There are 2 protein chains.
Amino acid sequence: MMSNQTPLRGLGEFQLIQEITKSLPTGGSIVAAGDDTAVLPYTKNKYQLITTDMLIEGVHFTADTPATKIGAKALNVNISDIASMGGRPKFAVVSIGLPAGQTLGYVRKIYQGLRRSAEAFNIGIVGGDTTRSARVVINITLTGDVDKRRVIRRDGARPGHLIFTTGRLGGSLASGRHLTFKPRLAEAQYLVQSIRPSAMIDCSDGLAADLGHILKASGCGAVLYETKIPCHRNATIKQALEDGEDFELIFTVPGKRAARLMNEKHARFKFYPIGEVTDGGYWLIKTNDQKIALTPTGYNHFK
Amino acid sequence: MMSNQTPLRGLGEFQLIQEITKSLPTGGSIVAAGDDTAVLPYTKNKYQLITTDMLIEGVHFTADTPATKIGAKALNVNISDIASMGGRPKFAVVSIGLPAGQTLGYVRKIYQGLRRSAEAFNIGIVGGDTTRSARVVINITLTGDVDKRRVIRRDGARPGHLIFTTGRLGGSLASGRHLTFKPRLAEAQYLVQSIRPSAMIDCSDGLAADLGHILKASGCGAVLYETKIPCHRNATIKQALEDGEDFELIFTVPGKRAARLMNEKHARFKFYPIGEVTDGGYWLIKTNDQKIALTPTGYNHFK
C-alpha cells in the first residue's frame, strides 16, 4: 500500500486513477470509473455514455494558443471518447474558469470554437458553470448513447484478431495537431455498423499505452510491425508509439471481418493494419526483424 | 453590444453567462444553458437532469481547507442543484487537477469526502479525468432524473404566491458553513410530492439574487419582510440578502397550499415564509416599516 506522503509526481496517472477509483460507489453503472467513458442504464435498447475532460492553461495549452482552438479541442476530446465506445454524442455541459483580467473577446472565441464543433457533430450545449481562476481552465462533460448490441469496450480482443488504426501517429503536440484534430466519429460509426470491432479505444496517451489498455482489459498480448505503423511526416516510430494526443482510433477485428475491412472497394475511410493480438507478451518487430519489448506506459501528467 | 476588449471584471457573472450562451445549439433540450440544471428528454415519464460545478483553490477554498470538505462540497453543490429542480441525483463524473507536489494522502481525503456524500445520497461515481495543475481544481458533473409532472422550474411564480426558505441565511463563507452544508434533497422531495411549489431555486448567489432569478423568469415582483427572514447567528439581514453559498431552497407556493405547509403538524422539516410574490417591484419591508428597494444581484466572481 502506498503511503499518504507519496507525492503525485512519484505515481503514474494510471496508478493514481487506480488509487482513487478503488472503492467508489458505482450506483448500478455497467462500466464505471477507470474507463474514459462510463456506460449507464438508459432505455430498453440503448445505454447512456458519459465522459469528461479537463484542459488547463500551462498544461494542455498556453496563453498564446488561439482561443477558438481551445474551445474546439475541449469538446473534440470528449467526442473522441464517445466515438471509441461506438456511441453518438448528444449533450454537453461546459465549466470554465477565467482570469478577471481576460477579455470578453477571448471568451467569445473559446465559445466560437466550441459552437463550431457542437454544430458539426450535432451536439446541444445545455449548461455550465463560470468562475474566476488565475489560469484558464475548461472542463466539458459530454453525454451520448449507443445501441446495447453495438457498444464496444476494451476487453473484447482475442489472440489472432488484427490491430488497426484510423490514421497516422506521432508528433501531435509538436506539430499543433493536438489542437486541430477531427474526432473519428464517422469512422467509428462505420466500424460499429459494418465491421463490429472486438475492442476499440482512442489514442490519447500514445499507441503503446492505449493498445496496452485494450490488452490488459482483454488479457492478451500483441505484436506490432514497425513497417506497418503509419507515422506522421517528421515523426519517428518512437513518437508514434509514445506521444499522446493523436486521437486516432485503435481497434481490433477478428480475422474474417479484418480481411473484409482491408479488401473493401470504394471505402470512404482509410484503416491501417499494424499488428496482431497474441496470447501474451508485447512486442515491436523492427524493420530489421529485431524484436523489441514494448511497455504499455504513456505520457505521465505528473512528471 | 459589448466590445471584445471589455475585461471580465467589468462584467457581472450573469452578463457573462448571457453573452456566452446566446447562440449555442441546444440540441432539443427542454431547458438549456443559462439555468443551473439542464432538463433533457429521457424516458416517457421522466426528464434527465444534468448540472456541473467547478471549484478552484484560491477562489472557493484555500490550501488550508480540509480536503475531505472540498470533496464533499464539490458533490453537494451539484446535489443541491438537482434537488432544486425536484429531481433525484444518480451518477457523477469527477475531473480533478492536482499539483505534482501534492501528496497521495491529500487526494485520498478529497475522495473520502466525495465518497461519503455519494453514499449518503445514493450516487454512483462512474468516471472522471485527472490532470496536473498549478492549483487544485475539481469539477463534478451530476446527472439526475425527475418525474415530468413534478419538475420545478424558475418561471412558475405568480402574484399572491408565498415565498419560503428551508433554513437560516447569511454568513456562510465567514462561518465555514459553505463547506459543510447538507443539500436539501429530502426537503425538496417532500415539497415536490406534497406541496408542489410553483418555482424553486437553491440559494447559492444570495437570497436577493436567487429569488431575483425566479422573479425575472416568472415576470413578477416580490416583497420580503425583514422580521420574517431567518438569519444565522452573527449574520445581519444584509448578509442574509447578499451573501451566497447558503444552499437553502427558496421556493414559492400558491396561497392554499402555502397555508397547508404552515399548518401541518408533525412536519419533519422547518419552512420559513419570508414574503410574497407581487405584480412588480422588489422590496424589503424593514422592521420599522421602511420600504427598501432590493437589487437582484449577488456575488460577482470576477471582481
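As a basis for the values below, the full set of heavy atoms in this structure was taken, side chains included, without hydrogen atoms, waters or symmetry mates. In this text the structure is predicted, and so the values were computed from the model without any measurement.
In this structure, the portions of A/D53 lying under 4.5 Å from any heavy atom of chain B include both its backbone and its side chain. Of the atoms belonging to B/Q5, it is backbone heavy atoms, and not side-chain ones, that fall under 4.5 Å from chain A. Residue A/E57 does not touch chain B at all, counting heavy-atom pairs closer than 4.5 Å. Looking at A/P89, neither its backbone nor its side chain comes within 4.5 Å of chain B, counting heavy atoms on both sides. No part of B/N122 comes within reach of chain A, as not one of its non-hydrogen atoms sits under 4.5 angstrom from that chain. With a threshold of 4.5 angstrom between heavy atoms, B/Q48 approaches chain A through side-chain atoms but not through N, CA, C or O.
Taking CG from A/L8 and OG1 from B/T103, the interatomic distance works out to 7.0 Å, rounded to the nearest 0.5 Å. B/D129 contributes atom CG, which lies 8.0 Å from atom CG of A/L55 (distance to the nearest 0.5 angstrom).
The shortest distance between side-chain heavy atoms of A/I20 and B/T130 falls below 4.5 Å. Side-chain contact check for A/N139 versus B/M54: some heavy-atom pair is nearer than 4.5 Å. Residues B/T131 and A/H60 have side chains in contact (heavy-atom distance under 4.5 Å, counting atoms from C-beta outward). Counting heavy atoms from C-beta outward, B/P41 and A/F91 have side chains that approach closer than 4.5 Å. By the 4.5 Å heavy-atom criterion applied to side chains, A/L104 and B/L16 are counted as neighbours.
Across every non-hydrogen atom of A/P25 and B/I123, the tightest pair is CG-O, 3.6 Å. When every heavy atom of B/R108 is checked against every heavy atom of A/S3, the shortest pair comes out as NH1-C, 3.9 Å. Looking at every heavy atom in both residues, A/V126 comes nearest to B/A38 through O-CB, 3.2 Å. In this structure, A/R132 and B/V59 approach most closely via the heavy-atom pair O-CG2, 3.4 Å.
With respect to chain A, the highest number of heavy-atom pairs below 4.5 Å among B/A134, B/S95, B/G101 belongs to B/S95. Highest contact tally toward chain A, considering only B/T43, B/L114, B/V137, is held by B/V137 [criterion: heavy-atom pairs under 4.5 Å]. Of the listed residues (A/G58, A/A118, A/G124, A/A92), the one with the most heavy-atom contacts under 4.5 Å to chain B is A/G124.
Results of the side-chain contact (heavy atoms from CB on, under 4.5 Å) test with B/V93 over A/T143, A/T141, A/L142 single out A/T141 as the only residue that passes.
Residue B/R88 places its CZ atom among 12 or fewer non-hydrogen atoms of other residues, nucleotides or ligands, all under 6.0 Å distant. For A/K216, the NZ atom sits in a loose shell: 12 or fewer heavy atoms of surrounding residues, nucleotides or ligands are nearer than 6.0 Å.
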